[in-house]
Amino acid sequence: MARAATLPVLNGESGLAHYLTEIRKFPMLEPQDEYMLAKRWREHDDRDAAHKLVTSHLRLVAKIAMGYRGYGLPISEVVSEGNVGLMQAVKRFEPEKGFRLATYAMWWIKASIQEYILRSWSLVKMGTTANQKKLFFNLRKAKSKISALEEGDMRPEQVKQIATRLGVTEQDVIDMNRRLGGDASLNAPIRDDGEPGEWQDWLVDTSPNQEAIMAENEEFDHRRSALTGAMSVLNDRERRIFEARRLAEEPMTLEDLAAEFGVSRERVRQIEVRAFEKVQAAVKTAVAKQEHAALEAAY
């Protein structure tokens, strides 16, 4: 499998234009070439073939990663996580199924990036309902559809329109928009020397087919059921403290919970931390199983 060290390295936001230039040097593959390289990798463990499959799809990763620039996380880390997903897709790709690698890899790339975002923002803190997670990952797309791409708060009518479309409250839209800190357009110029060029001009245009669209729509159901199942690993006291401290709109204080359970504040804090770690581990395991099951069903 292609090692990360053999791939072009993205060094922060300032190195993005250079990185995009570098990855465009790798040729796109014709269907037959892709098929033969995939066969060589699967049947002969040909690492050179795997490397070519990975590098030919780095532009796909970059395009998908750009869609997550508004989450306040380093673009280099987002791209890196996407590349991990791509390598996992190449490792498991079966060319005999009749799909192109881009179709198969798109789901793995998005899943890897979204898992990174959810870990970074704290899955259970970002929202515990499917609608809240849908808002988290779709707010910018909804803003784009109504041309609400400016920084700062949206107009009341824009907030109302998005809230209706995504099935959340208007306050949810306002709060999430402020947390995400604005939008980044693919039409933004990428050079400082005055030469023409936009982000979208540097990225491969790979429109999702029906399989990819279905997989994306299922992701939120996967997250919701994963969190629900993860809560079952907690005992009654852990669940009460976890919900009161991590999920409530207005978290209870350690002092109040200590009085409720007749223990020290430090003991409540320890239980909270342990419960959070248990939920995170359970969510990670559940999501991995769901992703595997979904891919098995699709392929």
Self-check item: Asp46 side, atom CG; Met36 side, atom CE - distance, nearest 0.5 Å
Solution: 11.0 Å

Self-check item: Straight-line distance of Arg274 CZ to Ile271 CD1, nearest 0.5 Å
Solution: 6.0 Å

Self-check item: Heavy-atom closest contact (Ala62 atom, Ile23 atom, distance)
Solution: CB-CD1, 3.9 Å

Exercise. Taking all heavy atoms of Ile75 and all of Ala65, pick out the closest pair and write down the distance.
Key: CD1-O, 4.1 Å

Quiz item: Relative to each other, are the rings of His51 and Phe26 parallel, tilted or perpendicular (30° and 60° limits)?
Solution: perpendicular

Quiz item: Do the non-hydrogen side-chain atoms of Arg239 and Glu243 ever get within less than 4.5 Å of each other?
Solution: yes

Exercise. Compare every heavy atom of Phe93 with every heavy atom of Phe99, then report the nearest pair and how far apart it is.
Key: O-CZ, 3.3 Å

Practice problem: Locate the shortest heavy-atom distance separating Ala282 from Val233; write the atom from each residue and the value. | Solution: CB-CG1, 4.0 Å

Quiz item: Has Gln270 got more than 12 heavy atoms of other residues, nucleotides or ligands less than 6.0 Å from its CD?
Solution: yes

Quiz item: Are the side chain of Arg269 and the backbone of Leu254 linked by a donor-acceptor contact shorter than 3.5 Å?
Solution: no

Self-check item: Donor-acceptor side-chain pairing of Asn83 and Ser80 below 3.5 angstrom
Solution: no

Quiz item: Do the non-hydrogen side-chain atoms of Ile174 and Gln171 ever get within less than 4.5 Å of each other?
Solution: yes

Quiz item: Hey, does Phe242 have a side-chain heavy atom less than 4.5 Å from the side chain of Met231?
Solution: yes

Quiz item: Checking side-chain contact (heavy atoms from CB on, under 4.5 Å) against Leu86, which of Val61, Leu53, Leu60, Thr55 comes through?
Solution: Val61

Exercise. Please answer whether the main-chain N or O of Lys52 pairs with a side-chain N or O of Ser56 as donor and acceptor at a distance below 3.5 Å.
Key: yes

Quiz item: Rounded to the nearest 0.5 Å, what separation is found between the CD atom of Glu81 and the OG atom of Ser112?
Solution: 5.0 Å

Practice problem: Determine yes or no for a side-chain-to-main-chain donor-acceptor pair under 3.5 angstrom, with Glu238 supplying the side chain and Asn235 the backbone. | Solution: yes

Quiz item: If we only count heavy atoms from C-beta on, is the Tyr68 to Ile64 side-chain gap below 4.5 Å?
Solution: yes

Practice problem: Find the distance between CG (Leu20) and CG (Leu16) and round it off to the nearest 0.5 Å. | Solution: 4.5 Å

Quiz prompt | Neighbour count above 12 (heavy atom, 6.0 Å) for Glu43 CD | solution = yes

Quiz prompt | Approximate separation, where rounding is to 0.5 Å, of Tyr116 OH and Glu77 CD | solution = 4.5 Å

Exercise. Say whether, by atom type as modelled, one donor and one acceptor occur between the side chain of Arg265 and the main chain of Ala258 under 3.5 angstrom.
Key: no

Quiz prompt | Among Arg245, Arg240, Arg267, Arg237, the one residue meeting salt bridge (charged side-chain N to carboxylate O under 4.0 Å, His left out) with Glu260 | solution = Arg240

Self-check item: Criterion side-chain contact (heavy atoms from CB on, under 4.5 Å) on Arg100 and Thr103, from CA distance to verdict
Solution: CA-CA 5 Å; Arg100 292 298 303 272; Thr103 299; 4.3 Å; yes

Quiz prompt | Heavy-atom pair of closest approach, residues Arg42 and Pro95 | solution = CD-CD, 3.6 Å

Quiz item: Is there a side-chain contact between Arg155 and Gln161, using heavy atoms and a 4.5 Å cut-off?
Solution: no

Self-check item: Atom pair CD1 (Ile113) and CH2 (Trp108), whose distance is rounded to the nearest 0.5 Å
Solution: 14.0 Å

Quiz item: Is Leu58 close to Pro8 at the side-chain level, that is, under 4.5 Å between some pair of heavy atoms?
Solution: yes

Quiz item: Is a side-chain N or O of Thr21 found less than 3.5 angstrom from the main chain of Ala17, in a donor-acceptor match?
Solution: yes

Quiz item: Is there a side-chain contact between Glu34 and His57, using heavy atoms and a 4.5 Å cut-off?
Solution: yes

Quiz item: Is there side-chain contact between Tyr19 and Val9, with at least one heavy-atom pair below 4.5 Å?
Solution: no

Quiz item: Glu96 and Tyr35: side-chain donor and acceptor closer than 3.5 Å?
Solution: no

